[in-house]
Amino acid sequence: LLAGSAVGVAAQDEPSMEAAEVTGRATFVEGLLADPVMSETPEGIQAGDGLVTVHTWDTDDPRLDGDVTRTVNFRHIPDTATIESVTYELTNDGGSWVGDGWGYSGPSDASGFVALSGRGGYEGLSAFIVHEGDVDRGYWDLRGIIFPSDTPEIPEPYTAE
């Protein structure tokens, strides 16, 4: 009987491999881990490469909770818009997630998308997360899904004839 209890506890400690909808919040941690290397394009757009920030994700699914390191390359037109490509890494006690994302921000809001692949205890899962909100608030709202397979190949877009 005692051995059976130990097996039940071990099984409960393993991360779920189930699909799930996820909502939560990404809170910005103050300060930078690395400043970007800045330049300017011939068109006058400010270019930054290698900006590293940290966010803390708190979601309704503990598999996507933890500190997220974001490494960002961006193009910025002052007082107008910023576009960015980002690599993400989230690690917690169950495993980790790594992936790529894209986003934009305007004078009053920001939005983006990230596709994550599970590692360690999350191997075989993928997550697709949208973030949005006003950067000045110090957080983004998160919503998305955990998908019960490795990151599937994204279908080709429709081609009009």
Side-chain angles (χ1 to χ4, degrees), residues 19-120 122-123 125-160:
E21 286 188 284
V22 179
T23 60
R25 179 160 288 169
T27 304
F28 306 164
V29 175
E30 287 194 39
L32 301 177
L33 295 182
D35 289 320
V37 174
M38 296 298 297
S39 61
E40 189 169 308
T41 70
E43 300 81 18
I45 297 170
Q46 296 173 356
D49 293 319
L51 170 74
V52 182
T53 66
V54 175
H55 290 177
T56 299
W57 284 17
D58 181 23
T59 72
D60 57 4
D61 191 311
R63 295 175 291 180
L64 285 174
D65 287 350
D67 287 339
V68 177
T69 302
R70 298 178 70 245
T71 304
V72 183
N73 292 341
F74 62 89
R75 302 301 176 258
H76 176 70
I77 301 170
D79 302 320
T80 305
T82 301
I83 57 172
E84 61 185 27
S85 63
V86 187
T87 59
Y88 288 76
E89 183 173 351
L90 183 155
T91 301
N92 60 35
D93 291 340
S96 64
W97 300 88
V98 295
D100 297 319
W102 302 267
Y104 80 92
S105 61
S108 64
D109 66 352
S111 185
F113 172 81
V114 59
L116 300 166
S117 296
R119 302 285 191 263
Y122 306 128
E123 189 76 35
L125 294 174
S126 54
F128 301 89
I129 304 295
V130 172
H131 64 77
E132 56 191 3
D134 179 349
V135 176
D136 292 335
R137 292 183 308 188
Y139 64 87
W140 286 330
D141 293 319
L142 304 171
R143 62 184 166 80
I145 60 168
I146 295 176
F147 199 75
S149 77
D150 289 331
T151 306
E153 183 175 323
I154 303 298
E156 289 294 320
Y158 171 77
T159 304

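Numbers for residues simply follow the sequence, beginning at 1.
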May I have the step-by-step check of side chain to side chain contact (heavy atoms under 4.5 Å, CB included) for Val54 and Glu30, ending in yes or no? CA-CA 8 Å; Val54 175; Glu30 287 194 39; over 6 Å; no

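- The minimum heavy-atom distance linking Gly44 with Glu40 is given by the pair CA-OE2, 3.4 Å.
- Between Tyr88 and His131, the two ring planes are tilted [angle within 30° to 60°].
- Put simply, CG on Leu90 and NE2 on His55 are 12.0 Å apart, with the number rounded to the nearest 0.5 Å.
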Verdict with supporting geometry, Arg70 and Glu84, salt bridge (Lys or Arg N to Asp or Glu O under 4.0 Å): CA-CA 11 Å; Arg70 298 178 70 245; Glu84 61 185 27; 2.8 Å; yes

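- Side-chain contact between Val98 and Leu116: absent, with no pair of heavy atoms (C-beta onward) separated by less than 4.5 Å.
- Atoms CE and NE2, from Met38 and His76 in turn, are 8.0 Å apart once rounded to the nearest 0.5 Å.
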In sequence, state the C-alpha distance, the side-chain angles, and the governing distance for Arg143 and Glu21, and then conclude on salt bridge (Lys or Arg N to Asp or Glu O under 4.0 Å). CA-CA 8 Å; Arg143 62 184 166 80; Glu21 286 188 284; over 6 Å; no

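- Side-chain contact check for Tyr104 versus Asp109: some heavy-atom pair is nearer than 4.5 Å.
- With hydrogens and angles disregarded, no donor-acceptor distance shorter than 3.5 Å links the side chain of Asp65 to the backbone of Asn92.
- Taking all atoms of both residues into account, the shortest heavy-atom contact from Gly99 to Val114 is C-CG2, 4.5 Å.
- Minimum interatomic distance between Pro78 and Gln46 (heavy atoms only, all atoms of both residues): CG-NE2, 3.7 Å.
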Please test Trp57 against Ile129 for side chain to side chain contact (heavy atoms under 4.5 Å, CB included), starting from the C-alpha separation and ending with a verdict. CA-CA 11 Å; Trp57 284 17; Ile129 304 295; 4.3 Å; yes

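- Taking CD of Glu132 as the reference point, atom CZ of Phe113 lies at 13.0 Å (rounded to 0.5 Å).
- With hydrogens and angles ignored, the 3.5 Å screen pairs no side-chain donor or acceptor of Asp49 with any backbone N or O of Phe74.
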Candidate pair Asp58 and Thr27, rule side chain to side chain contact (heavy atoms under 4.5 Å, CB included), full reasoning: CA-CA 8 Å; Asp58 181 23; Thr27 304; over 6 Å; no

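- Annotation: the span from Thr59 atom OG1 to Ile146 atom CD1 amounts to 7.0 Å, rounded to 0.5 Å.
- Checked by atom type, the side-chain pair Asp100/Thr87 shows no donor-acceptor distance below 3.5 Å.
- Considering all non-hydrogen atoms of both residues, Gly50 and Thr71 come closest at CA-CG2, 4.3 Å.
- Separating the OG1 atom in Thr53 from the CG atom in Leu33 is a distance of 7.5 Å, to the nearest 0.5 Å.
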With side chain to side chain contact (heavy atoms under 4.5 Å, CB included) as the criterion, how do Ser96 and Tyr122 come out once you've worked through the C-alpha distance, each side chain's angles and the decisive distance to 0.1 Å? CA-CA 7 Å; Ser96 64; Tyr122 306 128; 5.7 Å; no

Trace of the salt bridge (Lys or Arg N to Asp or Glu O under 4.0 Å) decision for Asp93 with Arg63: CA-CA 9 Å; Asp93 291 340; Arg63 295 175 291 180; over 6 Å; no

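- To the nearest 0.5 Å, the span separating CG on Leu64 from CG on Leu142 amounts to 8.5 Å.
- Leu125 is listed as a side-chain neighbour of Trp97, based on a closest heavy-atom distance under 4.5 Å.
- Considering all non-hydrogen atoms of both residues, Pro148 and Ala19 come closest at CD-CB, 3.6 Å.
- More than 12 non-hydrogen atoms from other residues, nucleotides or ligands lie less than 6.0 angstrom from CD1 of Ile145.
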